[in-house]
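Counting convention: from 1, in listed order, for ligands and their atoms alike. Computation of the quantities below employed the complete heavy-atom set of this structure, encompassing side-chain atoms and omitting hydrogens, waters and symmetry-equivalent molecules.
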Amino acid sequence: MKVLIASLYELGHQPLSSLALAGSLAAAGHEAQVFDYDRAGSGDVLSALNGHDALLISVPMHTASAIALGLMERVFDELPHLPIALFGLYAVNLSRADLPPSVGLLASGETVADVVEWVDHLGREEGFGGGLKSVTRARERLRMEPAALNRSLLPPLDAYAKLSVGGTERLTGYTEASRGCIHTCAHCPVPTVYQGRIRINKPEWVLKDIDQLVEMGAAHITFGDPDFFNAPAHSMRILRAMHGSHPKLTFDATIKVEHLLEHRELLRELADLGCAFVVSAFEHTSEEVLVKLRKGHTRPQMAEAVRACREVGIELRPSLLPFTPWTSPSEIIDLFEFVHDQELIGNVDPIQFTIRLLVPAGSLLLDEPATRGLFHGSESEPLSYGWRSPWPELDALQAELSSRLPSWLDSLANWQIFEQMYRLACSYLGFVAKDFDYSREQERSVPKLTESWFCCAEPAETMVIAPITLSRRIAAI
Ligand code: SF4
């Protein structure tokens, strides 16, 4: 069978799971191409589908799911008999949506074998038969041979997010040492599929892939594991070997506050092995919000994590979740002031201050008696549940920050955007803005990727900042 795997949006990273699936399909005797719609810009999926027997769509996040709905409609209009499958973290959530009858499989988790089997079945049967099947698996090991990952199926690294450091940009490769997560934060899509488990990628597989990325020109590696210190011994083993083979290579990884403090003794070595920065999901400074999200850390621990990392020369890049049903007006102001007081303004992508809690279908928040009554489903929005703040001015502020952000990004430095946002928040919510001294922030340059990171966020017009906004992307498909 000849299948097209479409990756729609992966935050500027190379679509690793699409590549892994392509490798497994090739090993099973199929011909698989990967079409990275996000990087192809105006590329037409229908033209790319020409001559293919099936379409497999990667939906690792909510934004990709929203784009997938438009794509499936268009494909069904033009090619009503072409079988479609969706795979990735959000695939099973799409069962609430009104899907075209040509969709035969929704597969979330460790489901490569299920997708390959579905394609095998297509080759044996007339059509895909059997109706829509949903599978969620987190137990099986992903059987990926090192040779199975063929990165030449994708555009060159230059098409993807790069490391920006000291006024220069470095080509960046994306890989993962593990998948899943041992934690069960209430707002996170990962535990809805992995239920507190992780799957480890073999170190030799990861290292071989990194060798391949370096040959392609990568000078920096992003480890996209949900948490790099879920299995610290495994991760450090990979880093030590990577540094031995490529001593100039730098890297970034995502590590939660709790793990940064628990494994504090590893931080200096992390820096010595080339760590450019660590992303850490701070989410909020409100203790109540942190408890509701089951984050497992406190406000003082966040400050401690910043100190611990700075002591060894690592900058933290916090991700935030400011707008939740539990956030009060004073807690929004407090979040801005914490970021200022911890000298983190240059460490936080401005989009982080606009993020509103996403409650996708299947969210753990919908299971909890204390929180589920806050969220309301609607037929017009099948992918997530809506909510309103008890303080309408907070909903209005979030919408205003979100709509103003694109023009600020075009014309202002990070610290200036922070100042605009902070002052706007104070004026909306009736607080007196403090006169902060931004002179230090004007001098600092904190390493970052060239595309903003966000995940558990309700999609907004401004979210897909490069190279095209979300509504234009959906309309263009
Ligand atoms: S938010 Fe991070 S630590 Fe929490 S469950 Fe999700 S991936 Fe794991």
Only heavy atoms of [X], strictly under 4.0 Å: list the atoms of ligand 1 that pass.
X	value
Pro226	7 (S)
Lys256	3 (S)
Cys188	1 (S), 5 (S), 6 (Fe), 7 (S)

Within 45° cone of Phe277 ring axis and under 6.0 Å: Arg310 NZ or CZ: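 The answer is no, since Arg310 fails at least one limit relative to Phe277.
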Arg356 to Trp387 six-membered ring, cation-pi geometry met (6.0 Å, 45°):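 That pair qualifies as a cation-pi contact.
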Glu110 and its salt bridge (Lys or Arg N to Asp or Glu O under 4.0 Å) partner, picked from Arg137, Arg179, Arg197: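 For Glu110, the salt bridge (Lys or Arg N to Asp or Glu O under 4.0 Å) test succeeds with only one of Arg137, Arg179, Arg197, which is Arg179.
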Atom 8 (Fe) of ligand 1 to nearest N/O/S of Cys181 less than 2.8 Å: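 True for Cys181.
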Presence of N, O or S from Cys185 under 2.8 Å of atom 4 (Fe) of ligand 1: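 Cys185 does place an N, O or S atom closer than 2.8 Å to atom 4 (Fe) of ligand 1.
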Selected option - heavy-atom contact closest to atom 1 (S) of ligand 1, from Arg294, Lys295, His183: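 Heavy atom nearest to atom 1 (S) of ligand 1 belongs to Lys295.
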Results of ring-ring contact (aromatic ring centres under 6.0 Å, His included) for His297 - residues two or more places apart only: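 With sequence neighbours excluded, His297 shows a ring-ring contact (aromatic ring centres under 6.0 Å, His included) to no residue whatsoever.
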Pairs meeting criterion ring pair (Phe, Tyr, Trp, His ring centres under 6.0 Å) with involvement of residues 302-330, two or more places apart: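 Sorted result for residues 302-330: empty, none.
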